[in-house]
Protein chains: 2
Amino acid sequence: MRILLVEDDPLVSDAIVRGLATAGYVVDAVGDAESVQGRLDTTHYDLAIVDLGLPGEDGFTLVRRLRRDGSSLPLLIVTARDGLDDRVNALDLGADDYLVKPFALPELAARCRALIRRATAATANEMVVGRLRIDLAGRRAIDDTGRVLELTRREWSILECLAHHSGRVVSKERLIQAIVSWDEEISGNAIEVHVSRLRAKLGDAATVRGIRGLGYRLDDA
Amino acid sequence: MRILLVEDDPLVSDAIVRGLATAGYVVDAVGDAESVQGRLDTTHYDLAIVDLGLPGEDGFTLVRRLRRDGSSLPLLIVTARDGLDDRVNALDLGADDYLVKPFALPELAARCRALIRRATAATANEMVVGRLRIDLAGRRAIDDTGRVLELTRREWSILECLAHHSGRVVSKERLIQAIVSWDEEISGNAIEVHVSRLRAKLGDAATVRGIRGLGYRLDDA
DNA sequence: GTATGCGAAATCCTGCCGCAAGGCTGGGCG
DNA sequence: CGCCCAGCCTTGCGGCAGGATTTCGCATAC
């Protein structure tokens with residue numbers, strides 16, 4: 001799961017990136033609203049976190065512009081401005097949530113989970129695919145026998161992404177974007193390697209099917 | 001837009017009902033968690049607002065129960081408990097937002113708007129031809145029996161193109177342009193081959209009729 | 001130092017693709 | 001009415017793109 005952070009204060013930005021990375025997200029940070037479009041053009045994001053007080057175009061304008069252009073990207077506003085009008089305005093412009101600084105990182109992570117969950121039509125943080133229980137908050141997968149699968153970070157990220165689109169085809173490109181941040185570059189083969197290892201660990205609890213030329217799909221069987 | 005409010009304090013409940021009514025919502029209020037299921041069984045709601053401190057079954061339990069039963073109703077928690085753990089727990093159980101009392105009615109209304117907007121935006125992009133459901137976003141076709149058709153890239157492209165002009169004749173030339181990338185060249189026979197294989201997979205869920213000298217047409221029968 | 005995760009490279013292998021050949025069909029024409 | 005032929009349908013097959021798997025070296029953490 002990949003998040004775009006728009007925050008001009010390097011200290012705050014760094015803290016958020018660090019915290020969300022611990023929570024298992026891939027986070028790309030930009031310092032101003034003007035850089036956002038370029039990022040969105042090239043990469044799929046599951047959520048954007050926007051600070052209102054930006055140099056140049058401010059957060060309000062950014063939110064309005066994104067929504068006017070038809071983007072359905074979930075938007076979480078994070079700011080020091082806690083006026084009632086600010087909150088109502090941001091939400092009515094098209095933001096999905098509004099969190100006032102200072103906030104605790106666990107709450108930010110929880111709200112991210114809730115927004116991403118809702119955007120992918122999931123309801124709770126535990127989903128069942130085949131004979132597999134997938135605990136999104138706990139970042140672990142559990143067998144039907146109760147055995148916890150020992151998944152590495154990448155393996156989990158791929159499983160999570162596939163589970164969010166269970167039964168549907170997820171392109172290899174998208175899986176790459178789900179597990180690495182923008183600056184690092186990996187070959188498409190890396191996905192094949194991780195999927196292969198994931199399959200071995202899944203056993204017959206769930207099936208990751210490769211759809212030639214399209215991507216992968218997590219099947220209920 | 002119809003909202004279900006679960007709140008035991010009559011004063012608070014009344015104030016919220018009044019405020020949201022002003023904002024244009026139809027609000028039904030109940031005083032305990034036990035009354036919720038009955039309401040949901042008889043009426044469609046776009047959102048539920050739940051107080052955590054309820055007599056009898058509390059809000060947490062209610063949220064957990066609703067999600068476990070598969071409900072996808074957007075849930076907004078409104079409570080006086082503002083501990084970090086409460087917030088994270090509620091969100092992770094399946095709530096979509098968490099607002100701490102005391103709050104301003106305009107903000108509640110704004111968050112309701114945001115949640116309902118997001119929930120109704122999830123419009124499945126699919127079309128139905130004959131006994132076939134064609135999921136454009138998921139790049140897959142589903143039988144009336146629920147069976148997912150295993151289509152190759154070319155087969156899917158042809159079906160998509162035909163479905164897009166359902167009931168009308170599509171020329172072979174156009175189908176060629178739909179499946180090959182721009183400059184590469186294939187014989188017209190290739191289309192015939194793919195159509196043949198597509199027909200075999202479609203079974204009797206839909207009919208691809210060949211119109212001599214003109215092209216192909218996807219029929220509802 | 002040891003263990004583990006990660007990804008590039010190399011190799012194996014599956015199954016898609018398009019051609020070709022032969023059967024089938026419908027319309028034109030005497 | 002029956003023949004002919006163009007155009008469509010189907011099947012088999014070789015070629016090959018690209019996914020699957022294994023191996024191995026590097027980096028990081030403990």
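All chains are named by letter (A, B, ...) in the order of the sequence lines, taking the proteins before the strands, and each is independently numbered beginning at 1. Nothing here was measured: the structure is a model prediction, and the numbers come from that model.
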d([atom1], [X]; [atom2], [N]) in whole Å:
X	N	atom1	atom2	value
A:Trp156	C:dG5	CH2	P	16 Å
A:Arg154	C:dA8	CZ	C1'	14 Å
A:Leu198	D:dT21	CG	P	11 Å
A:Lys172	D:dG19	NZ	P	3 Å
B:Ile211	C:dT25	CD1	P	17 Å
A:Glu192	C:dC12	CD	C1'	13 Å
B:Ile158	C:dC16	CD1	P	14 Å
B:Ile179	C:dC16	CD1	P	15 Å

Sidechain N-carboxylate O distance under 4.0 Å for [X], [Y]:
X	Y	answer
B:Arg67	B:Asp96	yes
B:Arg140	B:Glu150	no
A:Asp204	A:Arg131	yes

Nearest heavy-atom approach of B:Asp135 to B:Glu126 is CA-CB, 3.9 Å
Return the minimal non-hydrogen interatomic distance between B:Leu75 and B:Leu115, and the atom names on each side. O-CD1, 4.5 Å
Does A:Asn89 use its side chain to pair, donor to acceptor, with the backbone of A:Asp92 at less than 3.5 Å? no
Distance criterion of 3.5 Å, no angle test: do you see the side chain of A:Arg197 paired donor-to-acceptor with the base of C:dG7? yes
Whether the side chain of B:Arg212 and the base of D:dA6 hold a donor-acceptor pair under 3.5 Å is what I'd like checked. yes
So does A:Tyr216 get a side-chain nitrogen or oxygen closer than 4.0 Å to the phosphate oxygens (OP1/OP2) of D:dG18? no
Does B:Ser196 have a side-chain nitrogen or oxygen under 4.0 Å from the phosphate oxygens OP1 or OP2 of D:dT10? yes
What does A:Glu185 touch in the nucleic acid at a heavy-atom separation under 4.0 angstrom: a base, only the sugar-phosphate, or nothing? sugar-phosphate
Indicate, with a heavy-atom threshold strictly under 4.0 Å, whether B:Gly213 touches base, sugar-phosphate, or nothing. sugar-phosphate
When the axes are fitted on five pairs at both termini, how much does the helix from C:dG1-D:dC30 to C:dG30-D:dC1 curve, in 10° steps? 30°
Let me know, please, whether B:Ser187 or B:Lys201 comes out on the 5' side of the other along DNA chain C by nearest nucleotide. B:Lys201
Go through it in stages, so that I can follow the logic: the residues are B:Ile77 and B:Val63, the test is side-chain contact (heavy atoms from CB on, under 4.5 Å), and I'd like the CA-CA distance, side-chain angles, deciding distance and then a yes or no. CA-CA 9 Å; B:Ile77 300 292; B:Val63 169; 3.7 Å; yes
Out of C:dG7, D:dA20, D:dT10, which has the shortest distance to the side chain of A:Ile186? C:dG7
Closest to side chain of A:Thr152, choosing from C:dC6, D:dT21, C:dG18: C:dC6
